[in-house]
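To start, the structure under review is shown below, and the notes come after it.
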Amino acid sequence: MAIAGKPNVGKSTLMNALVGARISAVSRRPQTTRDQIKGILTRPDCQIVFVDMPGLIRPRDRFNEYLLTQAAQALESVDLLYHLIEPDDSRPLDEATAPLIERLACPKFLLVNKMDRFGPKEITEPHEAIAPKFDEVFRISALTGAGLPQLIERTVARLPVHLPYYDSDDLTDRNARFLAAEIVREKLFELTAQEVPYSIATIVDEFTERADQKHFVRVLIFVERQSQKKLVVGTGGQLLKKVGELARADIEALLDHPVYLELWVKVKPNWRKDEAELRRLGYSMKR
Ligand code: GDP
Ligand code: MG
């Protein structure tokens, strides 16, 4: 089942709350989640596989086109859809998303998220106009957990019966390499400003697990311009150092093992617009 909605509505936060582990990059900036990440919730009676969708944005360049293709592909195979909106969004369904959602035959839930920020009187119900397009409507807070038990109950009731797809102790089907690169990118997103976050791609260059000493992880950080490299490194290397400290702590928690994290910043002009470059960075356009 898929979790869709505009960038920044709280999709990753919701998935993490549902799965009970921090596996998807969460950020105050839109479009942190550039790839599909699956979260798997296993209970004695059922297993739910969540797909956290990349933010749906109309394509302006090859990279955004890639994101939208990913989203459309993911939606084709889902058993149930959550569409997240914010309580004060005056345009809760845009031209890019509406047709994708309307085409789906599966049950669709509209989730009004971030209810903790609004008193009952403050809610202008802009979503009432689109509510008829959905099978059920829930008011939730991914942050506080309000409304989530009811949501899970209704989800279980609506999902088709199926043998488990994954082992019960799998939290995600993405491997640790991918998650390590995502964690570094998340920290960069939080600590850099303006257009810089959107020009960053991260890949794991080396990932060596060592039982008797720290795991060795080298992450390459790609930016588009020399000026951005300066900003990412920071004065006297301060910013990169901070990114490294925060990311290392998260990666260690993920792997449950001490980690030596090495970060390299490289300039790759126009990687966002170059299809061959996108493929090399791991963002492949599957057709
Ligand atoms: P995504 O882009 O849809 O995946 O959104 P994220 O999960 O990254 O969340 C974007 C921002 O909204 C983060 O700062 C979250 O902490 C915040 N957020 C998510 N859910 C809630 C919520 O229920 N209440 C409040 N107040 N903030 C939330
Ligand atoms: Mg996200």
Side-chain angles (χ1 to χ4, degrees), residues 1-39 41 49-58 63-64 66-68 70-72 74-75 78 81-89 91-94 96-97 100-101 108-120 122-124 126-127 137-152 155 171-172 174 178-179 181-193 197-198 200-202 246-247 250 254:
M1 59 154 302
I3 305 181
K6 289 183 187 172
N8 234 18
V9 293
K11 299 181 293 297
S12 302
T13 308
L14 175 64
M15 189 171 88
N16 292 347
L18 291 172
V19 177
R22 189 192 152 292
I23 56 168
S24 182
V26 177
S27 153
R28 284 178 306 297
R29 286 172 205 284
Q31 269 198 314
T32 316
T33 313
R34 284 184 175 174
D35 255 293
Q36 288 174 45
I37 300 178
K38 287 191 175 120
L41 172 68
V49 182
F50 298 98
V51 183
D52 179 9
M53 310 283 294
L56 295 171
I57 289 208
R58 265 192 298 168
F63 185 61
N64 277 292
Y66 162 82
L67 294 178
L68 200 65
Q70 283 279 301
L75 283 180
V78 302
L81 175 84
Y82 289 171
H83 182 65
L84 262 74
I85 61 169
E86 294 191 48
D88 58 348
D89 189 348
R91 287 178 65 249
L93 211 52
D94 60 40
T97 326
L100 285 178
I101 291 180
K108 296 162 231 179
F109 290 2
L110 179 64
L111 311 188
V112 189
N113 188 33
K114 307 198 184 181
M115 288 304 294
D116 57 292
R117 279 184 17 209
F118 295 82
E122 280 175 86
I123 306 154
T124 54
H127 58 275
V137 180
F138 298 83
R139 292 172 171 199
I140 60 161
S141 168
L143 207 61
T144 67
L148 298 189
Q150 297 89 313
L151 176 63
I152 291 179
T155 302
L171 278 182
T172 171
R174 285 285 183 175
F178 174 83
L179 291 170
E182 280 288 293
I183 287 168
V184 172
R185 200 162 58 78
E186 175 187 1
K187 301 308 172 196
L188 287 160
F189 248 71
E190 280 169 9
L191 295 173
T192 59
Y198 302 96
I200 293 171
T202 51
L246 294 170
D250 279 14
L254 176 77

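Whatever order the structure lists ligands and atoms in, that order sets their numbers, starting from 1. Basis for what follows: all heavy atoms, side chains included, without hydrogens, waters or symmetry-related copies.
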Run Leu246 and Leu191 through side chain to side chain contact (heavy atoms under 4.5 Å, CB included) and show every step you take.
CA-CA 11 Å; Leu246 294 170; Leu191 295 173; 4.0 Å; yes
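Note: Leu111 CG to Leu81 CG = 8.5 Å, rounded to the nearest 0.5 Å. Distance check: Leu151 CG to Leu18 CG gives 6.5 Å after rounding to the nearest 0.5 Å. Separation of atoms CG (Leu188) and CD1 (Ile200) is listed at 4.5 Å; rounding is to 0.5 Å.
In this structure, the side chain of Thr13 does not engage the main chain of Leu143 through any donor-acceptor pair within 3.5 Å.
Of all the heavy atoms of Arg117, the ones lying under 4.0 Å from any atom of ligand 1 belong exclusively to the side chain. Contacts between Asn113 and ligand 1 below 4.0 angstrom, taking non-hydrogen atoms only, involve the side chain exclusively. Counting heavy atoms under 4.0 Å from ligand 1, residue Asp116 touches it through the side chain alone.
In terms of polar-atom proximity, defined here as any N/O pair under 3.5 Å, Lys11 does make such a contact with ligand 1.
Residue nearest to atom 5 (O) of ligand 1, selected from Gly10, Ala142, Gly147, Pro87: Gly10 (by heavy-atom distance).
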